[in-house]
Amino acid sequence: MVALKIIRNKQRLRKQGLLEIQKVQRIGQYDKELAEDATPASSTGSEAQTRSSSAMHHASGAVHLLSSFDFRAHLVLVFPLLGMNLYEYIKANNHRGSSARIARRFADQLVSSLQHLRS
């Protein structure tokens, strides 16, 4: 299963969508390079490939773009379907606050992703 992000056929939105594609692809390339650097040289075969692909998808904490295409002049971005996002979590809890532990987990993930974007 995948998640689709459909960007309306408006010049300004299309321009932003194309920029988003470039940035997400750059992050994906960075993650790939990071995973290659993290794979030990002594590992061979499927063990190294498994470790490399696992690290590649989680190095920056950012979602990876699977593909993009045009559909009836709308730009469509295809991402892997992930778990619950922050908005869905808040909605599921009837817009009540959550524990400090959970808030810290969200903050840690956000800060970690921002550090990767900065480097």
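Only this structure's heavy atoms are used, side chains among them; waters, hydrogens and symmetry mates stay out. Because the structure is predicted, anything quoted here is derived from the model rather than measured.
- A continuous path of hydrophobic side-chain contacts links Leu18 to Ile7 [ILVMFWY only; heavy atoms under 4.5 Å].
- Hydrophobic clustering, with ILVMFWY side chains joined whenever heavy atoms are under 4.5 angstrom apart, groups Ile90 together with Phe106.
- A donor atom on one side chain and an acceptor atom on the other are found under 3.5 Å apart for Glu33 and Gln29.
- Hydrophobic clustering of Ile, Leu, Val, Met, Phe, Trp and Tyr side chains at less than 4.5 Å, counting indirect connections, keeps Ile21 apart from Leu19.
- Judged as a side-chain hydrogen bond (donor to acceptor under 3.5 Å, both in side chains), not a single pair has a partner in residues 96-105 (not counting sequence neighbours).
- Nearest heavy atoms, Pro80 versus Val63: CD-CG2, 3.9 Å.
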With side-chain contact (heavy atoms from CB on, under 4.5 Å) as the criterion, how do Gln16 and Leu13 come out once you've worked through the C-alpha distance, each side chain's angles and the decisive distance to 0.1 Å? CA-CA 5 Å; Gln16 290 173 344; Leu13 296 175; 3.8 Å; yes

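- One distance of note links CG of Leu75 with CZ of Arg8; it measures 13.0 Å at 0.5 Å rounding.
- The same ILVMFWY cluster, assembled from side-chain heavy atoms under 4.5 Å apart, contains both Leu86 and Ile102.
- In plain terms, the two heavy atoms of Phe79 and Leu66 that are nearest each other are C-CD1, 3.7 Å.
- Proximity of a side-chain donor or acceptor of Ser112 to a complementary backbone N or O of Asp108 within less than 3.5 Å is not detected.
- In terms of heavy atoms, Leu77 sits closest to Leu65 at CB-CD1, 3.8 Å.
- Within the 4.5 Å cutoff, the side chain of His64 has no heavy atoms near those of the Val24 side chain.
- Summarising the geometry, atom CG belonging to Leu4 is positioned 11.5 Å from atom OG belonging to Ser68; distances are rounded to the nearest 0.5 Å.
- Counting only residues at least two apart or on different chains, the side-chain hydrogen bond (donor to acceptor under 3.5 Å, both in side chains) pairs with a member in residues 70-91 are Arg14-Asp70, Tyr89-Asn93.
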